[in-house]
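Just so it is clear, the values below take in all heavy atoms, side chains as well, and ignore hydrogens, waters and symmetry mates. For this chain, numbers begin at 1 and follow the sequence in order.
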Amino acid sequence: MHILFVTHYALPHPGGIEFVIDQLGRRMSARGCTVTVIASRAGFRANPNGDGPVTVIRVPALNVLEKYGIPYPLFHPFGLAAALRRTLPTVDVVHLHGLLYQSGALAAWISRRQGTPVVLTEHVGLVPYANPIVTAIERAAIATVGRLVARHCNRIAVLNGRIAREMARLAHPGTPVEVIVNGVDTALFAPAPPGERERLRAKWGLMRPTALFVGRLVPKKGLEIAAAGVPPGADLLVCGRGTPPGDLPPNARLLGELPQAALAELYRAADVFVLPSEGEGFPLAVQEALASGLPVVISDTPANREFLGEDASVFVERTPGAVRAAICALLDDPARRAALGEAGRRLALAAFDWDYTTARYLDLYRAAGGP
């Protein structure tokens, strides 16, 4: 089976969707599939080792909007059309990642005209911005371009029930909409074996109780809430791309964007994970923490409760006081931390492993009309 992923960005441009595409592509290639990606050139740096088993076609694009917090590259129209014309005749199924990007809209239209099955994964749905004008533009785009793209899809996958309801209103009646969460590498992200946690804490200089925040440093992730919520007697490690939206307190340490292996070490070394975010599907960082056996403190949202129960996580309001109370309670109760970590690990193995996610997508391609 030849699968074409169509998206806005691809690695090494950092981001959750970029990582998901890379992981799916590698695992589908390992199962004998041919995988091609069409994305913008934004963030591209030549890698002497190439793109691994996946072929990435990078189209010239202007990326001026990203510096304003809007991840929307403006593709060169002729370059995009040429890349699609060269590639689409050879593929068995087209998998769009994101509802509103130029690349996905054009690929959906051409693919349906030539009879190629189209699958869409909508990762986030409507994301309210601080600027109401930007949010209004997004709503209008979803109601027009988004509706057009959704109605050209044979099957739609989403990360949670909220996005499923949004997509059902846009797609043709009867178009199947299925919830498929992103996966996690449960071999890399795993609890520390005996003795390793102490070694890792020494390596990373963790001398006090430690909370870990992993995510892009944008307002919706809630870094300011997390930083204000960590008690003075504990430290906060902040891992992610970008500039903090405000000043961090003295007990916070900014580590920037780290490779996966380093993140895995921090998940094993920390005492608690905190991510009071909003407007998300189901964050990969939460899944990584769960797989690592690290207790998680997360926002009390329908999306989070759709996948997690109170046996595997601590739900909080998005306020510093609620975050602080939850962290303090966990730091004072090692048995509770251990129970949450064990339940989270069991859940990750059962429902969030990448092999499970990959198999579900391959089934979805066949249901859409692929070979």
_Is it the case that the side chain of R318 and the backbone of P276 share a donor-acceptor pair, with hydrogens and angles ignored and the cut-off at 3.5 Å?_
yes

*asked:* Testing the basics here: between L217 and G242, what is the closest heavy-atom pair and its distance to 0.1 Å?
replied: CD1-O, 3.3 Å

*Taking it one step at a time, do T357 and Q23 satisfy side-chain contact (heavy atoms from CB on, under 4.5 Å)?*
CA-CA 10 Å; T357 300; Q23 293 295 310; over 6 Å; no

*Nearest 0.5 Å please: distance from the CG atom of L330 over to the CZ atom of R336.*
7.0 Å

*What is the minimum heavy-atom distance between P117 and A368, and which atoms define it?*
CB-O, 3.4 Å

*Hey, are R216 and E66 close enough for a salt bridge, meaning a charged N less than 4.0 Å from a carboxylate O?*
no

_List the residues meeting ring-ring contact (aromatic ring centres under 6.0 Å, His included) with F75, not counting sequence neighbours, and say none if there are none._
none

*Is there a donor-acceptor contact under 3.5 Å from the side chain of D235 to the main chain of T210?*
no

*Would E288 and Q260 satisfy side-chain contact (heavy atoms from CB on, under 4.5 Å), going step by step from the backbone distance to the final call?*
CA-CA 10 Å; E288 292 167 353; Q260 291 280 287; 3.8 Å; yes

_I'd like to know if the side chain of R208 and the backbone of A234 have a donor-acceptor N/O pair within less than 3.5 Å._
yes

*Could you give me the CA-CA distance, side-chain angles and deciding distance for D353 and R27, then say whether salt bridge (Lys or Arg N to Asp or Glu O under 4.0 Å) is met?*
CA-CA 12 Å; D353 188 87; R27 284 163 172 77; over 6 Å; no

_Under 4.5 Å side-chain heavy-atom separation, chaining through any Ile, Leu, Val, Met, Phe, Trp or Tyr, what else clusters with I133? Say none if it is isolated._
I137

*asked:* To the nearest 0.5 Å, what is the distance between CZ on R201 and CE on M207?
replied: 9.0 Å

*Would you mind checking if E196 and R199 are paired as a salt bridge, meaning a charged N to carboxylate O distance below 4.0 Å?*
yes

_On a heavy-atom basis, which atom in R241 and which in H13 lie closest, and how many Å separate them?_
NH2-CE1, 4.2 Å

*Does R147 reach the main-chain N or O of R169 with its side chain, forming a donor-acceptor pair under 3.5 Å?*
yes

*Run the numbers on I156 and L170 for side-chain contact (heavy atoms from CB on, under 4.5 Å), then give the verdict.*
CA-CA 11 Å; I156 298 176; L170 296 174; over 6 Å; no

*Answer yes when R360 and D363 have at least one side-chain N-carboxylate O distance shorter than 4.0 Å, and no when they do not.*
no

_Quick check against the 3.5 Å criterion: does N251 have a side-chain atom that pairs as donor or acceptor with the backbone of P231?_
yes

_Minimum heavy-atom distance between A351 and Y356, given as atom pair plus value_ = O-CD2, 3.5 Å

*For the pair E166 (side chain) and L126 (backbone), establish whether a donor and an acceptor sit closer than 3.5 Å, ignoring hydrogens and angles.*
yes

*Test D22 against R26 for salt bridge (Lys or Arg N to Asp or Glu O under 4.0 Å), laying out the working first.*
CA-CA 6 Å; D22 179 71; R26 290 176 181 276; 3.1 Å; yes

*Can you name the side chain to side chain contact (heavy atoms under 4.5 Å, CB included) partners of A39, sequence neighbours left out?*
T7, A10, V37

*If you look at every heavy atom in S299 and F315, which pair is closest and at what distance?*
O-CD2, 3.7 Å

*For T186 and F352, run side-chain contact (heavy atoms from CB on, under 4.5 Å): C-alpha distance rounded to whole Å, both residues' side-chain angles, the deciding distance at 0.1 Å, then the answer.*
CA-CA 8 Å; T186 55; F352 303 146; 5.8 Å; no

*When clusters are formed by joining ILVMFWY residues with side-chain heavy atoms under 4.5 Å apart, either directly or through shared neighbours, do L100 and I163 land in the same one?*
yes

*Relative to the ring of H95, is the ring of Y361 parallel (under 30°), tilted (30 to 60°) or perpendicular (over 60°)?*
tilted

*What is the distance from atom CZ of F189 to atom CG of L263, rounded to the nearest 0.5 Å?*
6.0 Å

*CD-NE2 distance between E18 and H97, expressed to the nearest 0.5 angstrom*: 11.0 Å

*Is R337 reaching over with its side chain to a backbone N or O of D332, donor-acceptor style, under 3.5 angstrom?*
no

*Could you go step by step and tell me if R197 and D271 meet the salt bridge (Lys or Arg N to Asp or Glu O under 4.0 Å) rule?*
CA-CA 10 Å; R197 186 169 185 273; D271 297 289; 2.6 Å; yes

*Measure across Y9 and Y72 and return the closest heavy-atom pair with its distance rounded to 0.1 Å.*
OH-N, 3.5 Å

_Within this structure, what is the CZ-CG distance for the pair F213 and L255, rounded to the nearest 0.5 Å?_
12.5 Å

_Interatomic distance, R112 atom CZ to H152 atom NE2 [nearest 0.5 angstrom]_ = 7.0 Å

